[in-house]
*Asks:* 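What follows is a single structure, and I will ask about it in a moment.
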Amino acid sequence: MYYTTFFVGTAGSGKSTLANVYSEWLGEQNIDVATVNLDPGARYIPYTPDVDIREYVVLEDVMDAFNLGPNGGLVACVDMTVNFIEEIKREIDDLGATHVLVDTPGQLELFAFRESGPIVTSSLGGAQSAVCFLMDPFLARTPYGFVSVMLLGASIQYRFFLPQLNILSKSDILTDRELQKIVDWVSEPRTLMEAIERETQGMKREMSLSICEALAKIHMFDIPIPVSSTRLEGLDNLQAALERIYTGGELAK
Ligand SMILES: Nc1nc2c(ncn2[C@@H]2O[C@H](COP(=O)(O)OP(=O)(O)OP(=O)(O)O)[C@@H](O)[C@H]2O)c(=O)[nH]1
Ligand SMILES: [Mg+2]
C-alpha cells in the first residue's frame with residue numbers, strides 16, 4: 001500500500017528538481033520512498049529514478065520508427081505509456097515503498113491533455129493520490145499572470161479530479177513582498193480583482209475579472225505552498241499538506 005504524488009507543471013517549472021529534493025527529504029526521515037520518471041523525452045534527470053518510462057519507450061526510436069519530429073514523437077511516446085502501465089505498476093509494487101513520487105513529462109499538455117494522462121494517474125494511484133501543481137514564479141508574480149496560472153491549475157484539477165496542492169515553485173526567486181502579495185490575493189480575491197482593475201484594461205481586464213470570479217466560485221483560491229528546492233525551504237509544509245490528504249482522505253474539490 002502506498003501514496004502517490006504526481007508532480008505536474010509547465011516546462012521547466014521545477015518538477016524533476018522537486019521530486020529529487022523531496023525524495024531525499026523523505027528518505028532522511030526513514031520514509032520508504034520510490035521515484036518514477038514518466039518523461040520519455042528527458043535527457044537529464046537530477047536523480048536516478050527507481051522506475052523509468054525510458055526503459056520502455058525511447059523517444060529517438062519512436063521518432064525513427066514513425067518518421068516523427070520531436071513534438072510528434074513525444075505525443076506518440078506519452079500515448080504509448082499506457083501500453084506499459086501494468087508493467088510499470090508491477091515495478092512500483094515490487095519496490096514496496098510507502099510513498100511514490102511521479103515526475104511527469106516536461107510538456108504539461110502532453111500529460112494533462114491527452115487521454116493517457118488520467119489513465120496513468122488512475123493506474124498508478126495507490127491508496128490515495130495527490131497532484132502537486134507547480135506554479136511558475138515568473139508568471140505568478142503579476143496579477144494577470146497569476147490569474148493565468150490559476151486557470152491552468154483549475155484545468156489540471158478538472159482533468160484529473162484528484163486532491164491537488166498548488167505549489168509556488170522556486171519561491172527563492174520571489175521577494176518577501178511578492179510572496180505576501182500572492183498570499184493576499186488568494187486569501188482575499190477582492191485584492192486580486194482590484195490589482196487587475198489597476199493594471200489591465202479593456203477586454204483583458206473584463207476577461208480577467210470574469211475568470212477570477214469563476215475561480216473563486218469553484219474554490220480554486222487555496223493559498224499556494226511556497227517551496228524552494230535550491231534552499232530546501234517549504235518541504236516541511238509540503239509534506240504536512242500531503243500527509244493531510246493521505247491520512248485525511250481529502251476528496252477532490
Ligand atoms: N532558483 C531555483 N531554481 C530552481 C528550483 N528548482 C528548479 N530550479 C531550476 O529550474 C530549472 C528547471 O528545473 P527542472 O527541475 O528541470 O524543471 P522541470 O519542470 O522538471 O523541467 P522539464 O521536465 O524540462 O519540464 C533548472 O535549471 C533548475 O535548476 C528552485 O527551487 N529555485
Ligand atoms: Mg523534468
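Atoms within each ligand, like the ligands themselves, are counted from 1 in listed order. Note that this is a predicted model, so its numbers are computed, not measured.
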*Asks:* Look at atom OH of Y144 and say whether more than 12 heavy atoms of other residues, nucleotides or ligands are closer to it than 6.0 Å.
*Replies:* no

*Asks:* Using the salt bridge (Lys or Arg N to Asp or Glu O under 4.0 Å) rule, collect all pairs that involve residues 92-110, keeping only residues at least two apart or in two chains.
*Replies:* K89-D93

*Asks:* Going by heavy-atom distance to atom 9 (C) of ligand 1, choose the closest among E233, K170, R231, R43.
*Replies:* K170

*Asks:* Quick check: Y47 with Y22 (ring centres under 6.0 Å apart)?
*Replies:* no

*Asks:* Below the 3.5 angstrom mark, is there an N/O of T104, backbone or side chain, next to an N/O of ligand 1?
*Replies:* no

*Asks:* Are N166 and M220 side-chain neighbours, meaning at least one heavy-atom pair lies under 4.5 Å?
*Replies:* yes

*Asks:* Give yes or no for whether the N/O distance cutoff of 3.5 Å, strictly under, is met between G12 and ligand 1.
*Replies:* yes

*Asks:* Distance under 4.0 Å to a non-hydrogen atom of S228: what atoms of ligand 1 satisfy this?
*Replies:* 31 (O)

*Asks:* Please say whether G14 places an N or O atom under 3.5 Å from an N or O atom belonging to ligand 1.
*Replies:* yes

*Asks:* Could you list all the salt bridge (Lys or Arg N to Asp or Glu O under 4.0 Å) pairs where at least one residue sits in residues 40-55, not counting sequence neighbours?
*Replies:* R43-E60, D52-R54

*Asks:* Which of the protein's N, O or S atoms come within less than 2.8 Å of the Mg ion (ligand 2), not counting waters?
*Replies:* S16 OG

*Asks:* In terms of atom number and element, which parts of ligand 1 are under 4.0 angstrom from non-hydrogen atoms of T17?
*Replies:* 6 (N), 7 (C), 13 (O), 14 (P), 15 (O), 28 (C)

*Asks:* With a cut-off of 4.0 Å, which atoms of ligand 1 are near a heavy atom of A11?
*Replies:* 25 (O)

*Asks:* Pairs of nitrogen or oxygen atoms closer than 3.5 Å, one from D103 and one from ligand 1: do any exist?
*Replies:* no

*Asks:* Before giving the answer on side-chain hydrogen bond (donor to acceptor under 3.5 Å, both in side chains), spell out for Q180 and D184 the whole-Å C-alpha distance, their side-chain angles and the decisive distance to 0.1 Å.
*Replies:* CA-CA 6 Å; Q180 187 55 49; D184 291 347; 2.9 Å; yes

*Asks:* Return yes when at least one protein heavy atom is under 4.0 Å from atom 6 (N) of ligand 1, and no when none is.
*Replies:* yes

*Asks:* Looking at every heavy atom in both R141 and K181, which two are closest together, and how far apart are they?
*Replies:* O-NZ, 3.5 Å

*Asks:* Does an N or O anywhere in Q107 fall below 3.5 Å from an N or O of ligand 1?
*Replies:* no

*Asks:* To which of D172, L134, T230 does the heavy atom nearest atom 1 (N) of ligand 1 belong?
*Replies:* D172

*Asks:* Hey, could you give me each pair passing side chain to side chain donor-acceptor pair (under 3.5 Å) that has a residue in residues 185-197? Not counting sequence neighbours.
*Replies:* R190-E194

*Asks:* For atom 31 (O) of ligand 1, which protein heavy atom lies nearest, and how many Å away is it?
*Replies:* S229 N, 2.7 Å

*Asks:* Work out which heavy atom in L18 is nearest to a heavy atom in S229; give both atom names and the distance.
*Replies:* CA-OG, 3.5 Å

